[in-house]
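First the structure, in the form of structure tokens, and then the observations on it.
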Amino acid sequence: MDKLGWDQSRLAREVDCTQGAIWQILDGRVRRSRLLPDIADALGVSLDYLKGRTDDPAQSAAPRAKAEPPPKTILLGVALPSERLLRGMFEGLLQIAGVTDDVDERAATLARLLPGALEQAAIRSADSRRHRTPGQRQTAARSHS
């Protein structure tokens, strides 16, 4: 604004807002304003410069890596195949993984344990949702939507 010789009122006119809105942004009372892209355009600077991500008014900062979103939990009723079919599936997976010793025994153990392990995982998931505080439930609901 100083380089252009503008005051808050002039900038407000340029971006079609009130001088009070500009004052709140400059005073730090508003950190995420929908006006920031318009203000950056009016001043001829990058949005990253306006947000303090770069010292060069013409340059945008390097893109920030986005955080991986939390996994979504979906509870479904699953009909598992017979233990015999699960055993065959695990035998194939073990062979693909390069396991060569005791494939039959390992596959049988995995086929026998899978249904119980899935049931326990579902119980733990339900218990963790039930024991959350109201604030934790709201946060979890927002992250899963």
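All figures in this text were calculated on a predicted structure; none of them were measured in a lab.
Taking CD1 from Ile22 and CZ from Arg10, the interatomic distance works out to 12.5 Å, rounded to the nearest 0.5 Å. In this structure, CD in Gln24 is found 7.5 Å from OG1 in Thr18, a value given to the nearest 0.5 Å. Taking CG of Leu110 as the reference point, atom CG of Leu93 lies at 9.0 Å (rounded to 0.5 Å). The CG atom of Asp41 sits 11.5 Å away from atom CD of Glu14, with the distance rounded to the nearest 0.5 Å. To the nearest 0.5 angstrom, Glu91 atom CD is 5.0 Å from Asp104 atom CG.
Residues Leu113 and Leu80 do not share a hydrophobic cluster, clusters being chains of Ile/Leu/Val/Met/Phe/Trp/Tyr side chains in contact below 4.5 Å. Hydrophobic clustering (ILVMFWY, side-chain heavy atoms < 4.5 Å, transitive): Val45 and Met1 are in one cluster. In this structure, Trp23 is not a member of the same hydrophobic cluster as Val15, with clusters built from ILVMFWY side-chain heavy atoms closer than 4.5 Å. In the hydrophobic cluster analysis, where Ile, Leu, Val, Met, Phe, Trp and Tyr join through side-chain heavy atoms closer than 4.5 angstrom, Leu118 is grouped together with Phe90.
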(request) Quick one: do Leu43 and Ile39 satisfy side-chain contact (heavy atoms from CB on, under 4.5 Å)? Show the steps, please. (result) CA-CA 6 Å; Leu43 296 175; Ile39 292 171; 3.8 Å; yes
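Shown here for Leu47 and Pro37, the closest heavy-atom pair between the two residues is CD1-N, 3.9 Å. Across Trp6 and Ala42, no two heavy atoms sit closer than the pair CH2-O, 3.5 Å.
In the displayed structure, Asp101 atom CG is contacted under 6.0 Å by more than 12 heavy atoms of other residues, nucleotides or ligands.
Between Leu4 and Leu11 the shortest side-chain heavy-atom distance does not fall below 4.5 Å. Residues Asp38 and Asp16 fail the side-chain proximity criterion, which asks for heavy atoms closer than 4.5 Å.
Considering only residues two or more places apart in sequence or on other chains, Ser9 meets the side chain to side chain contact (heavy atoms under 4.5 Å, CB included) condition with Asp7, Arg13, Gln19.
Taking 4.0 Å as the cut-off between side-chain N and carboxylate O, Arg87 and Glu83 do not count as a salt-bridged pair.
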